[in-house]
Amino acid sequence: ISDDFYYEANIVADSLLTEGFPGDWNENNVVKIGLISENKINETKLERIYIMANPISNSAGYNKSKSILDTSQEYFFNFSEQMIINGSQVQGVGLQPQSSSQNLIKISRLTIYKNKPVRMDVYLWEM
């Protein structure tokens, strides 16, 4: 795996742990995707990216999210705690990696979700 690939994965992970732009972004006005408000995961933003970046129901939104996150690679992220979106447990956001995924890289960051410290794992790979 090249240094560029590690760099790109770190950029995606770092971007997710920003406020994003605009601060109250949605799928129609988002310039930069970020999940943070007041130093913790904003559940509204998490829900927005989950809906936007669902590769099954919204492949155009998933591709748009990749472009905004400045990656050409496939991506997926989740937390060490169970993610709840719209009252349902979800595995994570994005396209889940498969055993056949090429050059799979995992980047971990610490953050706050539901007022608890959690690990956010970001996966990037080539299809």
Side-chain angles (χ1 to χ4, degrees):
I1 298 177
S2 72
D3 287 346
D4 288 345
F5 205 70
Y6 279 105
Y7 179 77
E8 194 170 324
N10 275 293
I11 293 293
V12 170
D14 291 346
S15 292
L16 289 170
L17 292 182
T18 67
E19 190 169 299
F21 186 82
D24 190 28
W25 63 267
N26 61 51
E27 185 174 354
N28 299 317
N29 71 0
V30 63
V31 174
K32 182 175 181 189
I33 294 170
L35 302 174
I36 301 294
S37 293
E38 299 175 5
N39 298 314
K40 62 184 177 189
I41 297 295
N42 177 313
E43 293 183 48
T44 300
K45 292 178 182 181
L46 180 61
E47 179 180 324
R48 287 176 183 163
I49 192 173
Y50 177 77
I51 292 167
M52 173 183 179
N54 186 323
I56 295 162
S57 66
N58 190 0
S59 62
Y62 174 70
N63 289 329
K64 179 180 176 181
S65 72
K66 285 176 31 175
S67 175
I68 292 168
L69 288 168
D70 204 21
T71 184
S72 58
Q73 311 305 330
E74 306 305 325
Y75 79 91
F76 179 79
F77 70 88
N78 61 9
F79 301 123
S80 55
E81 290 289 319
Q82 184 64 53
M83 295 172 68
I84 308 290
I85 303 211
N86 286 338
S88 299
Q89 290 185 353
V90 301
Q91 297 302 308
V93 173
L95 184 66
Q96 282 197 287
Q98 306 299 314
S99 57
S100 61
S101 299
Q102 303 272 325
N103 293 328
L104 177 65
I105 186 170
K106 174 181 161 185
I107 302 290
S108 297
R109 296 282 188 271
L110 295 177
T111 188
I112 304 292
Y113 176 59
K114 295 192 177 285
N115 295 316
K116 291 167 48 179
V118 297
R119 186 185 70 243
M120 179 180 77
D121 293 324
V122 177
Y123 300 85
L124 232 66
W125 71 95
E126 298 170 330
M127 192 53 100

Return the CD to CG distance between Glu8 and Asp70, rounded to the nearest 0.5 Å.
7.0 Å
Using atom types as modelled and distance alone, determine if a side-chain donor or acceptor of Asn86 lies under 3.5 Å from a backbone N or O of Ser88.
no
With no hydrogens and no angle check, is any side-chain donor or acceptor of Asn10 less than 3.5 Å from a backbone partner on Tyr6?
yes
Taking all non-hydrogen atoms of both residues, which atom of Met120 and which atom of Ala13 are closest, and how far apart?
CE-O, 3.7 Å
Do you know which two heavy atoms are closest between Leu110 and Leu17, and how far apart they sit?
O-CD1, 4.1 Å
Checking the side chain of Tyr62 only, and the main-chain atoms of Glu74 only, is there a donor and an acceptor separated by less than 3.5 Å?
no
Restricting to non-hydrogen atoms, name the atom on Tyr123 and the atom on Asn78 that form the minimum distance, rounded to 0.1 Å.
CE1-OD1, 4.0 Å
For Leu95 against Phe76, the heavy-atom pair lying closest together
O-CB, 3.2 Å
Kindly indicate whether the side chain of Leu124, heavy atoms from C-beta on, has any atom under 4.5 Å from the side chain of Tyr75.
yes
Sequence neighbours excluded, the answer for side chain to side chain donor-acceptor pair (under 3.5 Å) partners of Glu81 is Lys116
What pairs meet the side-chain hydrogen bond (donor to acceptor under 3.5 Å, both in side chains) rule with one or both residues in residues 21-36, with sequence neighbours excluded?
Asp24-Arg48, Glu27-Asn58
Please report the closest heavy-atom contact between Lys66 and Ser72, naming both atoms and the distance.
NZ-O, 3.6 Å
Side chains of Tyr113 and Met83: does their closest heavy-atom pair fall under 4.5 Å?
yes
Residue pair Leu16 / Thr111, side-chain heavy-atom distance below 4.5 Å
no
Donor-acceptor pair, side chain of Gln96 and main chain of Gly94, under 3.5 angstrom
no
Would you find a donor on one side and an acceptor on the other, under 3.5 Å apart, between the side chain of Gln73 and the backbone of Phe5?
no
Shortest non-hydrogen pair, Ile112 vs Asn39, comes out as CG1-O, 3.9 Å
Let me see the working for Ile84 and Val90 under side chain to side chain contact (heavy atoms under 4.5 Å, CB included), right down to the final yes or no.
CA-CA 6 Å; Ile84 308 290; Val90 301; over 6 Å; no
Does any non-hydrogen side-chain atom of Ile41 lie less than 4.5 Å from one of Phe79?
yes
Approximate separation, where rounding is to 0.5 Å, of Ser15 OG and Phe21 CZ
14.5 Å
Quick check on the hydrophobic clustering: are Val118 and Tyr50 connected, directly or via other members, by side-chain heavy-atom contacts under 4.5 Å?
yes
Main chain of Gly23, side chain of Lys45: is a donor-acceptor contact present, judged purely on distance under 3.5 Å?
yes
How about Phe77 and Leu46: do any of their side-chain heavy atoms sit closer than 4.5 Å?
yes
